[in-house]
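Treat the numbers as computed from the prediction; the structure is a model and nothing was measured.
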Amino acid sequence: MRVDNRLADGAPMRSLACERCAAQVLVRKSSWQQTSVQWDGRAMALCAERDPGGSSFEGCGSLRDTIREAALRGTIELADGGGSATGTR
């Protein structure tokens with residue numbers, strides 16, 4: 001078995017609730033430009049921006065804002081060490 005160490009740089013997935021609809025997802029912020037999000041069925045059902053009957057989902061702007069604010073506050077750490085968030089607001 002091959003060990004998957006892609007997330008071995010110190011920043012694990014963190015639970016985070018969307019400030020708009022309270023959908024609970026797992027988030028990992030690798031840098032200001034890269035974010036990984038894991039949705040489960042409950043979060044997808046709660047998401048205020050997701051069309052339940054739609055076939056494609058480009059992402060949730062409210063959740064994206066929640067993640068950015070959490071990173072700015074330090075609730076979610078950046079795997080690359082942080083740096084400046086210039087231009088992210």
Side-chain angles (χ1 to χ4, degrees):
M1 171 168 49
R2 182 173 175 219
V3 176
D4 184 353
N5 62 358
R6 289 176 291 177
L7 300 181
D9 58 7
M13 299 290 282
R14 299 274 185 213
S15 181
L16 185 69
C18 177
E19 291 178 359
R20 178 176 178 194
C21 65
Q24 193 86 21
V25 297
L26 291 176
V27 177
R28 181 177 188 272
K29 195 96 176 99
S30 297
S31 68
W32 287 109
Q33 296 77 29
Q34 201 283 326
T35 304
S36 299
V37 179
Q38 287 184 341
W39 293 78
D40 63 13
R42 183 168 164 36
M44 289 189 292
L46 286 173
C47 180
E49 294 184 30
R50 188 172 199 280
D51 177 10
S55 60
S56 70
F57 179 57
E58 295 295 321
C60 175
S62 298
L63 180 61
R64 189 171 24 258
D65 292 344
T66 298
I67 293 167
R68 183 180 60 238
E69 290 302 315
L72 288 169
R73 287 190 309 266
T75 306
I76 303 252
E77 66 268 14
L78 274 69
D80 73 358
S84 173
T86 305
T88 60
R89 284 197 138 183

- Message: Can you list everything that forms a side chain to side chain contact (heavy atoms under 4.5 Å, CB included) with Cys21? Sequence neighbours excluded, please.
- Response: Cys18, Ala23, Ala48
- Query: Do Leu16 and Leu78 share a hydrophobic cluster, counting only Ile, Leu, Val, Met, Phe, Trp and Tyr and linking them when any side-chain heavy atoms are less than 4.5 Å apart?
  - Reply: no
- Item | Pairing residues for Asp40 by the side-chain hydrogen bond (donor to acceptor under 3.5 Å, both in side chains) criterion, not counting sequence neighbours | none
- Query: Looking at Glu49 and Gly61, what are the two nearest heavy atoms and their distance?
  - Reply: OE1-N, 2.9 Å
- Of all heavy-atom pairs between Ser36 and Met13, which one has the smallest distance, and what is that distance? O-CE, 4.1 Å
- Any side-chain heavy atom of Leu26 within less than 4.5 Å of one from Ser15? yes
- In the single-linkage hydrophobic clustering (I, L, V, M, F, W, Y; side-chain heavy atoms under 4.5 Å), do Val25 and Phe57 co-cluster? yes
- Shortest non-hydrogen contact between Ser62 and Arg20, atoms and distance: OG-CD, 3.1 Å
- Query: Do the non-hydrogen side-chain atoms of Asp65 and Glu19 ever get within less than 4.5 Å of each other?
  - Reply: no
- Item | Minimal non-hydrogen separation, Gln24 against Ala43, with atom names | O-CB, 3.3 Å
- Any chance you could measure Arg73, atom CZ, to Arg68, atom CZ, to the nearest 0.5 Å? 11.0 Å
- Gap between atom NZ of Lys29 and atom CG of Asp80 - 0.5 Å precision: 9.0 Å
- Compare all side-chain heavy atoms of Val37 with those of Ile67 and state whether any distance is below 4.5 angstrom. yes
- For Thr66, what residues pass the side-chain hydrogen bond (donor to acceptor under 3.5 Å, both in side chains) criterion, not counting sequence neighbours? none
- Task: Verify the cluster assignment for Leu72 and Val27: are they in a single hydrophobic cluster under the rule of side-chain heavy atoms below 4.5 Å apart?
- Result: no
